[in-house]
Amino acid sequence: TCALPISGNSKATLSLTASQLQSDADALAMVQGNYALAISDVAIADVSALASNTHLASVSVLATGSDITSNLSTLTSLGAKVSSITQSDSAALTLSFANWNAHAGTLGKIRSGVLAQILNTPSSQITALLADSRVQSMTVNDSGAELSAHIDTLLSMGPLLTQWAVSDSDPVRLDRKSTRLNSSHT
């Protein structure tokens with residue numbers, strides 16, 4: 001066998017597509033020295049296996065919205081090694097508010113302009129989500145007291161609010177201003 005040495009003090013980065021990594025595995029096995037791999041167009045099913053490669057510096061992932069949603073924990077666990085994510089379809093991601101927050105850094109790596117449907121949003125977070133252009137729609141689930149405190153915002157959301165639910169036995173209270181606002185938008 002022949003060795004392909006990489007010399008120098010700095011770490012060389014070899015940029016390959018996932019298909020090149022697979023088809024050129026024998027040649028890559030001959031490379032010796034200090035190098036890093038930057039792999040692009042990686043199917044989400046292959047990300048975990050690549051993560052164990054000690055030379056892996058970065059991976060850019062190509063996946064459907066459904067696959068991204070199903071594998072957010074894996075993608076997040078790889079941290080900085082995931083350099084970008086390209087969504088291959090235009091489907092909105094459906095995520096709980098807890099997942100939206102927990103995986104914010106990973107979701108920020110989606111290059112194709114993510115659209116999301118956020119479920120079970122607490123009332124206190126509505127305003128922040130309304131300011132986020134990636135949020136296509138949301139459901140709100142909170143106590144009657146919290147829903148009452150944010151009722152004006154809820155009633156002004158229009159089609160962005162697809163459903164709201166009371167999580168306890170407290171009633172949602174409307175004041176006269178809210179009642180007028182609601183009747184003017186029906």
Side-chain angles (χ1 to χ4, degrees), residues 1-122 125 128-139 141 159-160 162-163:
T1 64
C2 175
L4 301 171
I6 293 179
S7 60
N9 292 333
S10 61
K11 185 181 268 191
T13 299
L14 305 175
S15 297
L16 304 169
T17 64
S19 61
Q20 288 173 321
L21 179 66
Q22 185 176 13
S23 64
D24 299 335
D26 291 338
L28 192 59
M30 292 187 277
V31 175
Q32 297 176 347
N34 192 16
Y35 71 95
L37 294 171
I39 311 299
S40 61
D41 300 331
V42 176
I44 206 152
D46 300 329
V47 169
S48 291
L50 277 177
S52 64
N53 186 319
T54 57
H55 294 286
L56 184 67
S58 68
V59 60
S60 62
V61 177
L62 178 63
T64 65
S66 176
D67 286 340
I68 292 168
T69 301
S70 298
N71 292 281
L72 267 175
S73 293
T74 299
L75 293 170
T76 299
S77 72
L78 295 174
K81 286 189 178 185
V82 176
S83 59
S84 67
I85 303 167
T86 300
Q87 187 175 339
S88 60
D89 62 9
S90 60
L93 305 181
T94 301
L95 299 164
S96 69
F97 178 79
N99 278 333
W100 177 257
N101 270 349
H103 302 291
T106 301
L107 292 166
K109 295 177 183 183
I110 299 175
R111 296 190 302 186
S112 51
V114 64
L115 290 177
Q117 298 172 346
I118 311 300
L119 309 176
N120 298 317
T121 305
Q125 300 301 313
L129 288 181
L130 287 173
D132 191 330
S133 63
R134 301 172 299 169
V135 176
Q136 185 179 43
S137 65
M138 72 179 87
T139 66
N141 188 345
L160 284 174
T162 58
Q163 178 183 351

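Keep in mind that this is a model prediction, so the values were computed, not measured.
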Any donor-acceptor pair under 3.5 Å from [X] side chain to [Y] backbone:
X	Y	value
D46	V42	no
S58	K81	no
T121	T139	yes

Candidate pair L119 and Q163, rule side chain to side chain contact (heavy atoms under 4.5 Å, CB included), full reasoning: CA-CA 9 Å; L119 309 176; Q163 178 183 351; over 6 Å; no
Minimum-distance pair of heavy atoms, taken over all atoms of [X] and [Y]:
X	Y	answer
L56	L50	CD2-O, 3.4 Å
V114	L107	CG1-O, 4.5 Å
T13	A38	CG2-CB, 3.9 Å
G79	K109	O-NZ, 2.6 Å

L37 and L28: CA distance, side-chain angles, deciding distance, side chain to side chain contact (heavy atoms under 4.5 Å, CB included) verdict: CA-CA 10 Å; L37 294 171; L28 192 59; 4.1 Å; yes
Between [atom1] of [X] and [atom2] of [Y], what distance do you get to the nearest 0.5 Å?
X	Y	atom1	atom2	result
D67	D89	CG	CG	8.5 Å
L16	D41	CG	CG	11.5 Å
L129	L160	CG	CG	10.0 Å

Can you confirm whether the side chains of T64 and S66 place a donor and an acceptor under 3.5 Å from each other? no
Please test T106 against T76 for side chain to side chain donor-acceptor pair (under 3.5 Å), starting from the C-alpha separation and ending with a verdict. CA-CA 6 Å; T106 301; T76 299; 2.8 Å; yes
List the steps and the verdict of side chain to side chain contact (heavy atoms under 4.5 Å, CB included) for I110 and L93. CA-CA 11 Å; I110 299 175; L93 305 181; 3.9 Å; yes
Would you mind telling me which of Q125, M138, R134 makes a side chain to side chain contact (heavy atoms under 4.5 Å, CB included) with W100? R134
Apply side chain to side chain contact (heavy atoms under 4.5 Å, CB included) to residues N71 and V47 and explain how you reach the verdict. CA-CA 10 Å; N71 292 281; V47 169; over 6 Å; no
